[in-house]
Number of protein chains: 2
Amino acid sequence: MDSASAAASAPAPRTDALTLEVVELIGTVVARYHDEYEEAAAQHSLTGAQARVLGLLTLEPMPMRRIAQKLKCEPSNVTGIVDRLEVRGLVERRPDPADRRVKLAAPTAQGRETARRLRDSLDFAREPLAQLSTEERTVLRDLLRRMLGEAG
Amino acid sequence: MDSASAAASAPAPRTDALTLEVVELIGTVVARYHDEYEEAAAQHSLTGAQARVLGLLTLEPMPMRRIAQKLKCEPSNVTGIVDRLEVRGLVERRPDPADRRVKLAAPTAQGRETARRLRDSLDFAREPLAQLSTEERTVLRDLLRRMLGEAG
DNA sequence: TATTGTTATACTCTATAACTATA
DNA sequence: TATAGTTATAGAGTATAACAATA
């Protein structure tokens with residue numbers, strides 16, 4: 001069934017009670033996850049955006065432009081976020097040997113340590129998931145994978 | 001086992017690969033949900049916060065103070081958000097007959113219509129969940145319920 | 001010419017503190 | 001006196017446009 005005929009004739013999936021409830025539950029998960037993330041960041045005197053950039057750079061140093069792509073924001077915003085992380089000694093800008101226009105942002109030792117403690121303080125993994133058995137977590141993983149289309 | 005001894009001796013649940021993957025998948029869901037919500041809001045020239053308040057008031061008119069509690073922000077912020085919704089004719093402030101200090105924020109007819117179109121443009125319910133059968137959605141619902149501790 | 005990062009500007013969201021009008 | 005809402009202020013994130021250095 002193509003999307004046009006589905007929209008025209010069939011009842012949309014979102015209108016059934018089961019789908020609506022799942023969407024609402026996902027909304028609750030999203031809200032809780034977001035709140036916990038902001039709270040964990042605040043405990044280290046970081047904003048959510050600063051924590052996200054620091055976590056990103058801990059995986060791999062990258063050009064300012066690429067950070068903006070990851071954050072889905074304009075490159076001009078990244079300048080300020082990295083500025084504030086740099087002032088606090090958590091991140092540094094390095095020249096890119098291959099292209100002198102590019103600046104590579106990389107975490108300092110202190111930045112990596114802060115990122116590590118930040119990850120540890122995210123209780124989201126423990127609290128709600130601890131209530132599920134290994135088998136149930138496997139089922140949940142597979143359902144989420146399929147929901148997200150395997151690609152992630 | 002109390003939390004102190006758990007932290008000191010037992011391996012934390014978050015360290016196993018399965019839990020980490022589920023957490024990462026949830027993170028992906030959260031990011032996608034958030035992006036879609038912001039995009040849908042922007043299509044109606046609303047910010048995320050404005051869209052959330054409008055959606056909230058569509059369920060039930062409420063005092064400014066209560067909006068702040070729902071948004072988990074300071075009451076002073078709500079003044080500005082409702083101001084901007086009111087200028088655009090989407091929301092209005094009404095006196096509370098029972099307490100003259102209170103102002104009840106309520107959506108206008110146009111506000112309700114905008115909120116309705118906003119809900120319809122949220123594809124999150126259709127796209128990812130459409131890939132799951134009714135049975136699978138039921139399993140997902142039950143797992144999310146248990147994860148969130150039944151209370152929601 | 002095109003691209004990278006930055007600056008300048010303006011708007012929104014946010015918290016804090018002080019103010020007003022009610023209770 | 002306590003509470004509801006507002007105002008004033010300052011910091012942070014955001015997009016847009018214009019700029020310098022480099023490709």
Side-chain angles (χ1 to χ4, degrees), chain A residues 31 34-57 61-88 90-106, chain B residues 31 34-57 61-88 90-106:
Chain A
H34 187 266
D35 289 349
E36 282 206 22
Y37 193 90
E38 293 285 322
E39 193 178 331
Q43 279 170 3
H44 294 85
S45 302
L46 293 170
T47 65
Q50 288 165 11
R52 274 186 290 278
V53 169
L54 184 58
L56 200 58
L57 297 180
M62 63 182 72
M64 305 295 283
R65 204 107 195 155
R66 188 123 176 280
I67 299 174
Q69 289 165 350
K70 290 282 189 182
L71 260 64
K72 298 188 207 296
C73 74
E74 293 301 313
S76 59
N77 301 328
V78 178
T79 298
I81 297 171
V82 170
D83 278 352
R84 290 181 272 276
L85 287 170
E86 197 168 30
V87 164
R88 292 182 48 191
L90 302 175
V91 159
E92 63 182 9
R93 286 169 165 97
R94 301 174 187 161
D96 182 341
D99 187 336
R100 289 199 299 172
R101 293 173 304 181
V102 173
K103 290 177 189 169
L104 296 172
Chain B
H34 186 266
D35 288 349
E36 281 205 24
Y37 194 89
E38 293 286 321
E39 193 178 331
Q43 280 169 2
H44 294 85
S45 302
L46 294 170
T47 65
Q50 289 165 10
R52 274 186 291 278
V53 169
L54 184 57
L56 200 58
L57 297 180
M62 62 182 73
M64 305 295 283
R65 205 104 194 159
R66 187 123 176 279
I67 299 175
Q69 289 165 351
K70 290 282 189 182
L71 260 62
K72 297 188 207 297
C73 74
E74 293 301 313
S76 59
N77 302 328
V78 178
T79 298
I81 297 171
V82 170
D83 278 351
R84 290 181 272 277
L85 287 170
E86 197 168 29
V87 164
R88 291 181 49 191
L90 301 176
V91 159
E92 63 182 9
R93 286 170 165 96
R94 300 175 187 160
D96 181 341
D99 187 336
R100 289 199 301 171
R101 294 173 303 180
V102 173
K103 290 176 189 170
L104 296 172

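Quick caveat: nothing in here was measured; it's all calculated off a predicted structure. Throughout, protein chains are lettered first and strands after them, A, B, ... in sequence-line order, and every chain is numbered starting at 1.
Distance A:Glu74 CD to D:dA18 P: 14 Å, rounded to the nearest Å. The separation between A:Arg84 atom CZ and D:dG11 atom C1' is 8 Å, rounded to whole Å. Summarising the geometry, the separation between CD on B:Glu38 and C1' on D:dA15 is reported as 13 Å, rounded to the nearest angstrom. Between the C1' atom of D:dT14 and the NE2 atom of B:His34 lies a distance of 12 Å, rounded to the nearest Å. Taking atom CD on A:Gln69 and atom C1' on C:dT3, their separation rounds to 12 Å, with Å as the unit. Protein atom CD1 of A:Ile81 is 13 Å distant from nucleotide atom C1' of D:dA15, rounded to whole Å. Atom CD1 of A:Ile67 and atom C1' of C:dG5 are 11 Å apart (whole Å).
At least one side-chain heavy atom of A:Val102 sits less than 4.5 Å from a side-chain heavy atom of A:Leu104.
Of all heavy-atom pairs spanning B:Leu54 and B:Leu85, the tightest one is N-CD1, 4.3 Å.
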Side-chain polar contacts of residues 42-49 of chain B - donor-acceptor pairs under 3.5 angstrom, sequence neighbours left out - could you list them?
from: B:His44; atom 1: ND1; to: B:Ala40; atom 2: O; distance (Å): 3.1
from: B:Thr47; atom 1: OG1; to: B:Gln50; atom 2: N; distance (Å): 3.2

Can you give the donor-acceptor pairs under 3.5 Å from side chains of residues 63-81 of chain A to other protein atoms, not counting sequence neighbours?
none

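The stretch residues 45-54 of chain A does not touch DNA chain C, since none of its heavy atoms comes less than 4.0 Å from the strand.
Remark: B:Glu86 engages B:Arg93 in a salt bridge (charged side-chain N to carboxylate O under 4.0 Å, His left out) (not counting sequence neighbours).
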Quick tally for nucleotides 18-23 of chain C: nucleotides whose base has a protein heavy atom under 4.0 Å get B, sugar-phosphate-only ones S, the rest -, giving ----BS

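Separating the CG atom in A:Leu57 from the CE atom in A:Met62 is a distance of 6.0 Å, to the nearest 0.5 Å.
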Filtered N/O pairs between nucleotides 6-8 of chain D and protein, under 3.5 Å:
from: D:dT6; atom 1: OP1; to: B:Arg93; atom 2: NE; distance (Å): 2.7
from: D:dT6; atom 1: OP1; to: B:Arg93; atom 2: NH2; distance (Å): 3.1
from: D:dT6; atom 1: OP2; to: B:Thr79; atom 2: OG1; distance (Å): 2.9

Would you please test A:Glu38 and A:His34 for side chain to side chain contact (heavy atoms under 4.5 Å, CB included) and show each step?
-> CA-CA 6 Å; A:Glu38 293 285 322; A:His34 187 266; 3.8 Å; yes

